[in-house]
**Student:** 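One structure follows; several queries about it will come next.
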Amino acid sequence: MSKIRYADIAFPTAVRRLFTYETGDSTIRPGMRVWVPLRSEFAIGMVVQVHDRKPEFETRPVERILDEEPVMDHTMLQLTEWIHRFYYCSWGEAVQAALPVGLNFASEKRLQVRKGFKGGISEEERELLDEIAESHLTLKEAEKRWREGKGKAFLKKALKQEWVTVWEQPKQKVDYKKVKHWQLAESVNPDKALAGLEEKERDNKWVQAFEKLTGMNLPLPHRHLLEDKLFTTYTLNRIEKEGWIESVDLPVESEPVHNGIHRPDEIKILSDQQQEAFEKIRESLDSHAFKSYLLFGVTGSGKTEVYIHALKHALEQGRGGLVLVPEIALTPQTVQRFYHIFGDQIAVLHSRLSDRERFEAWQSLKSGEKRIAIGPRSAVFAPVRDVGLIVVDEEHDTSYKQYDPAPRYHARDVAVMRAHMENAVAVLGSATPGMVSVQAVKEEKHELLHLPLRPTGTMPEVQILNMLEYKSAMRGPLTVELYNEVEKALKRKEQVILLYNRRGFASFMQCEDCGHVPQSPESSTSLTYHKKKNILLDHYSGYSRRADTRCEMCGSANLKTKGSGTQQVEEEVEKLFPQARLLRMDRDSTSGKRGHQTIYEQFLSGQADILIGTQIVAKGLDFPNVTVVGVLNADTELAFPSFRAGERMFQLLSQVAGRAGRAEKPGVVYVQTWKPDHPAIQCAKTHDFKAFARHELANREMLHYPPYSRMVVFQFKCPSWSKVQVVADKFCDAMRTVTGDEPVMGPSPSVIEWMSGQHQWEANIKLSRNFNGHAIEKLLNDIFKKYDSIKPKGSGAVRINVDVDAVE
DNA sequence: AGCACGCCGACT
DNA sequence: GTCGGCGTGCTC
Ligand SMILES: [Zn+2]
């Protein structure tokens, strides 16, 4: 045994601390997983540091090192450490998010009857003990098997008396895929074996099968052999029974995934503007230094071609690539566009992969076999070797933010940090960039690459329909104008998309005469309506007032509360156009992405005339035959109780506009709204993102919202209503003591006040944008320390979640 | 986060 | 007397 060294280990629990163990095994290195004793059990942990500093406390030894080679390299450890500080989670939680579930170990506890145990026990107990010895159960299975009565009592007694002991073993969830193969038994001489048969046996099918096997290049997979009629499960087993062949489980290459055509020669020639953007990226790649770009270009401006050329260049440099795409956009079509050029160098990290498939994709990237990873949020951790380029497409998409479980990271920001750590180039692409990225360009953190619309492209016309004017001219949820346009389009055999906003999980009030939604005087966001207490509430600041009886805008008494319940929009539309073929799509009704995909395909192939659904229809494909797009109630987005409501609305309308028609068949987007003058609507009409950004940024700056601050949201959860409230109050006291009164808002009940048996409150704090990982960690440590010193009795039951850079 | 340890009410 | 409820504190 060599010299004792110390390993700092991160566990996948919420404890934001490392634990130090000792080991004499000199093969231990950071990035390896270990099996160590923790309390009275064993646990899996990740070695993050190996050193010689003997701690003051007693250390326990590492039981087992689970890897021969580190599964995380230095950068990945560094990246997860940054997440640990910045998003205030444990290092182990960040590690867990970065590894495929297949690499998680679970402890498996099996029961063993102590050897040579005779004991003075009753007949009945003896029987039970024999059963335990034979059944080879896990502890969990045994506890389930003997759930009650005598059995339960005996199991407990047997464990206590140590008649039965528990063996704890690490068990990896997924291993390399192994498949049953057949090979000749070592000891067998085929000729002799056959010669030893009786005459009448020679005609048997299994004998013929064996004869054939001897002439084959074994071992061969069972499945493969079955293709020959001579080989069946029976004949093979029969030969095995003679002891002439034996089965072995051998690892196999996973079957290649079919992603369509691979024609690298068909890479598209870039337009001048695309070429210009690409040249910039190429220069940065050549310099081998960190650089980040915001690639701003509307739908159809050809961002993907720029990504593809840049990826190609990275590969030519011998470096790898990483492409992040929002979950919803990760369709076969998207994959095909990359596969077309890069073929099997691509690994797709789909969220629908099985644990094993994910593990194999991960492995193929780590080994360097695959050079490009494409995937949603979690793919930011894909172990691409020597990453040169990281693309984040649709960088504004909120699905890049993880909420539960921790770490609550933003994949776009992690991507930029990873690029920074690996001296790579980050390219964030969007037609409607988030304000955070726009501001980063202004501050020269990102460089802007602008792709104007191609000369062949057109932006569809956007018509605004003022609901005030159509108040008495409605056909169900459609204004007469939109109704007529739909009719006309149907007559022309063209297609229609109708989009209605999903009502959020929050209720709100709206004036029936002017469409106004009551706003908070404190945070300038929409107030939510709470039926029980009949109040309007601002969940940022905690401001509340008795529900309005008159519209604060026009004075009308005609205020209506809009719940979060289901809407009948689809049924009403169906009645309006009984002769039309209707296709529905929303997040709930269609199960999973497959469902969406089939709906898109049906609509594209003309199997329906009208596609109606929630926001999700805006994220689909291009439909060249669609000439009318109707947004039925655009304002619902503005009622969303968030300072980002305007941004979301603009993004939605822009996205919709990007779907309507093509050059040959120009489409018109009709937006029904009570607020025709709202900047988000006006700018969407003129397709003027820059004007919208100017307006929105001015607003944000005035109210000190991101990107002019960094918001940290704290959520308090507990089954007891009174406890949550007390803890939230005390926590805010602690915050105000540490930071002063000014940046703290709240506490207040969450927008979702009650969820799965828990009451939820929240509070938030606006920090300077300059707070980096260390500063955030220090401040939050101070706040929690202060809180610990003043927290009331019984507060342990309240869970406190920290969400740095929360999105909603 | 789990999970053991410990301190008080309802049962054989 | 003890079984078990949850509140508290610790894990190298
Ligand atoms: Zn009004």
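Numbers restart at 1 for each chain; the letters A, B, ... are given by sequence-line order, proteins then strands.
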**Student:** Could you tell me how far apart A:Phe57 (CZ) and C:dT11 (C1') are, to the nearest whole angstrom?
**Tutor:** 11 Å
**Student:** Report yes or no: do A:His84 and A:Glu93 form a side-chain donor-acceptor pair below 3.5 Å?
**Tutor:** no
**Student:** For DNA chain C, find the residues of residues 84-94 of chain A with a heavy-atom distance under 4.0 Å and give them by number; none if there aren't any.
**Tutor:** none
**Student:** Is the NZ atom of A:Lys370 crowded by more than 12 outside heavy atoms at less than 6.0 Å?
**Tutor:** yes
**Student:** Could you tell me the separation between the CD1 atom of A:Ile44 and the C1' atom of B:dG2, rounded to a whole number of Å?
**Tutor:** 16 Å
**Student:** Specify the separation, in whole Å, of atom CZ of A:Arg16 and atom C1' of C:dT11.
**Tutor:** 16 Å
**Student:** May I ask you to check if A:Arg408 and A:Tyr403 form a cation-pi contact, with NZ or CZ under 6.0 angstrom from the six-membered ring centre and within 45° of the axis?
**Tutor:** yes
**Student:** What's A:Pro37 touching, base or sugar-phosphate or nothing? Going by heavy atoms closer than 4.0 Å.
**Tutor:** sugar-phosphate
**Student:** Under 3.5 Å, is there a donor-acceptor pair between the A:Asp25 and A:Thr27 side chains?
**Tutor:** yes
**Student:** Is the shortest distance from a Lys or Arg side-chain nitrogen in A:Asp73 or A:Lys366 to a carboxylate oxygen in the other one below 4.0 Å?
**Tutor:** no
**Student:** Starting from C1' on C:dC10, measure out to CG on A:Leu38 and report it in whole angstrom.
**Tutor:** 10 Å
**Student:** Within the 4.0 Å heavy-atom criterion, would you say A:Tyr21 contacts the bases, only the backbone, or no part of the nucleic acid?
**Tutor:** sugar-phosphate
**Student:** Provide, to the nearest angstrom, the distance between the CZ atom belonging to A:Arg17 and the P atom belonging to B:dG2.
**Tutor:** 16 Å
**Student:** Give the rounded distance in Å between these two atoms: CD of A:Glu58 and C1' of C:dT11.
**Tutor:** 15 Å
**Student:** On the ring face of A:Tyr88, is A:Arg16 found with NZ or CZ under 6.0 Å from the centre and within 45° of the axis?
**Tutor:** yes
**Student:** State whether A:Tyr705 and A:Lys766 meet the cation-pi test: NZ (Lys) or CZ (Arg) under 6.0 Å from the six-membered ring centroid, and within 45° of the perpendicular axis.
**Tutor:** yes
**Student:** CH2/A:Trp91 to CZ/A:Phe11 distance, rounded to the nearest 0.5 angstrom?
**Tutor:** 13.5 Å
**Student:** Between C:dC12 atom P and A:Glu41 atom CD, what is the distance in whole Å?
**Tutor:** 12 Å
**Student:** Tabulate atom names and distances for all N/O pairs under 3.5 angstrom spanning the protein and nucleotides 5-8 of chain C.
**Tutor:**
{"residue": "C:dT8", "atom": "OP1", "partner": "A:Gly794", "partner atom": "N", "Å": "3.4"}
{"residue": "C:dT8", "atom": "OP2", "partner": "A:Gly794", "partner atom": "N", "Å": "3.2"}

**Student:** Let me confirm one number: the NE2-CZ distance from A:His396 to A:Arg648, rounded to the nearest 0.5 Å.
**Tutor:** 11.0 Å
**Student:** For A:Arg39 and B:dA4, is the shortest distance between a side-chain N/O and OP1 or OP2 below 4.0 Å?
**Tutor:** no
**Student:** What's the CG-P distance between A:Asp788 and C:dG9, to the nearest Å?
**Tutor:** 10 Å
